[in-house]
Amino acid sequence: MIQVTRIEDLRNHLLPLRKSGRRIALVPTMGYLHEGHMALVDAARAANDVVVASVFVNPLQFGPNEDYAKYPRDLQRDAALLEQHGCDVLFAPSVEEMYPKPMATYVEVPSLSTPLCGRTRPGHFRGVATVVTKLFHIVQPDTAYFGQKDGQQVAVIRRMVEDLNMPIDIVAVPIVREPDGLAKSSRNIYLTPEERPHATVLYRALQRGLELLQSGERRPDVVRAAMADLVSSEPGVRLDYAEAVSMDTLTPPERLHGATMLAIAAYVGGARLIDNVQVDVQDNQVHLL
Ligand code: PAF
C-alpha cells in the first residue's frame with residue numbers, strides 16, 4: 001500500500017491505472033477505522049482492481065458545537081488495518097490540501113438533508129456532499145463504498161450522483177454490529193464503561209419498531225412513538241429523534257409501504273449515536289433490505 005497526502009501525487013499515481021482500464025474503487029472515511037469500515041474495504045477489494053481509501057476528518061460537515069476537534073484520530077493504526085485488508089492506496093490529505101482557501105462552492109441536496117439528522121445538524125449533509133464531490137473529482141473512481149449505518153448520508157449521495165450525472169456506482173454495505181447489537185461506530189469510543197450497556201437501546205428500539213411492522217402496523221406515528229418511548233425510558237440516554245420514513249423522501253408517509261427506514265439518533269452520555277433498519281414493507285410481509 002502506498003500512502004499519499006497530496007492531490008497531485010494521487011492523480012499522477014491513478015492516471016496510468018485508469019488509462020490501462022483498471023477498475024478503481026474509493027472508500028471515503030474519516031478514519032479511526034473499525035470493522036464497519038473494514039467491511040467496506042473488503043467489499044471494494046473483492047470487486048475492483050485498485051482500492052483507494054481516504055482518511056480525512058472533514059471540518060465542513062461539523063457544526064460549531066460538535067466534536068470536530070476531539071474526533072478520534074489514529075492514522076498509523078488506520079494505515080496498518082487498511083494494509084492488512086489489501087487496500088492499495090491510502091489518501092490522507094491535510095485540511096490545507098483539501099481546503100486551501102475558504103470554500104465558495106457547495107453541493108447540496110436540501111430535500112434529503114433537512115429531515116432526520118438535518119434537524120439537529122444543519123449544514124452537515126452539505127459538508128458531506130461537498131467533500132464527497134471533491135473526493136470523487138480527485139480520485140475519479142468507478143465505484144464508491146459507504147456504510148448503511150449512515151442511511152441518510154447514502155440517500156443524499158445517491159441522489160447527488162443521480163442528479164449531477166456522476167458516473168460512479170454507489171455501493172451501500174450492511175451495518176456491522178457488536179454481539180449485543182450496538183452498531184460499530186468511531187464515536188463508540190466516547191462511551192464510558194457505565195454508559196456502554198445503555199447504548200444498545202437504539203438497536204432494541206429498532207427491533208421493537210420492526211416487530212410492530214411485522215405484526216401489521218403501518219402507521220408511522222405508532223411505530224415512531226414505540227421506538228421513542230423505549231429510548232426515552234433508558235437511563236442516561238436522551239432521544240434526538242426516532243422516525244419511520246419512506247426511503248425516497250426520508251419523511252413519514254401516510255401509511256408505511258415499500259422501501260422504509262426506521263431511524264434513531266440519541267445522545268448516550270456525550271456521544272451522539274445513530275442507527276437504522278431498512279425494510280421493504282408490503283401488505284402482509286416485511287423483508288429486511
Ligand atoms: O461517513 C463518513 O465517514 C463521512 O461522512 C464521509 C463520507 C467520509 C465524508 O466525510
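Every number for a ligand or one of its atoms is a count from 1 in the order of the listing.
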Participant: Can you name the nearest heavy-atom pair linking Val176 to Ala39, along with the distance?
Facilitator: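 Closest approach of Val176 to Ala39, heavy atoms only: CG2-CB, 3.9 Å.
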
Participant: What protein heavy atom sits nearest atom 3 (O) of ligand 1, and how far off is it?
Facilitator: Met30 CG, 3.5 Å

Participant: What is the closest protein heavy atom to atom 9 (C) of ligand 1, and at what distance does it sit?
Facilitator: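 The answer is Gln61 OE1, 3.3 Å.
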
Participant: Which pairs count as side chain to side chain donor-acceptor pair (under 3.5 Å) when at least one residue sits in residues 216-240, sequence neighbours excluded?
Facilitator: Thr120-Asp240, His198-Glu234, Arg204-Glu234, Glu217-Arg219, Asp240-Arg272

Participant: Under 4.0 Å from any heavy atom of Val131, which atoms of ligand 1 are there?
Facilitator: 9 (C), 10 (O)

Participant: Short list, please: which atoms of ligand 1 are under 4.0 Å from a heavy atom of Thr29?
Facilitator: 8 (C)

Participant: Going by salt bridge (charged side-chain N to carboxylate O under 4.0 Å, His left out), name the residues that satisfy it together with Arg11, two or more places apart in sequence or in a different chain.
Facilitator: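 Residues passing salt bridge (charged side-chain N to carboxylate O under 4.0 Å, His left out) with Arg11: none at all.
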
Participant: What protein heavy atom sits nearest atom 7 (C) of ligand 1, and how far away is it?
Facilitator: Gln153 NE2, 3.5 Å

Participant: Taking all heavy atoms of Arg158 and all of Ala172, pick out the closest pair and write down the distance.
Facilitator: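 Nearest pair, atom of Arg158 first, then Ala172: NH2-CB, 3.7 Å.
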
Participant: Any ion pair linking Asp169 and Arg23 (charged N to carboxylate O, less than 4.0 Å)?
Facilitator: yes

Participant: Atoms of ligand 1 less than 4.0 Å from Pro28 heavy atoms?
Facilitator: 8 (C)

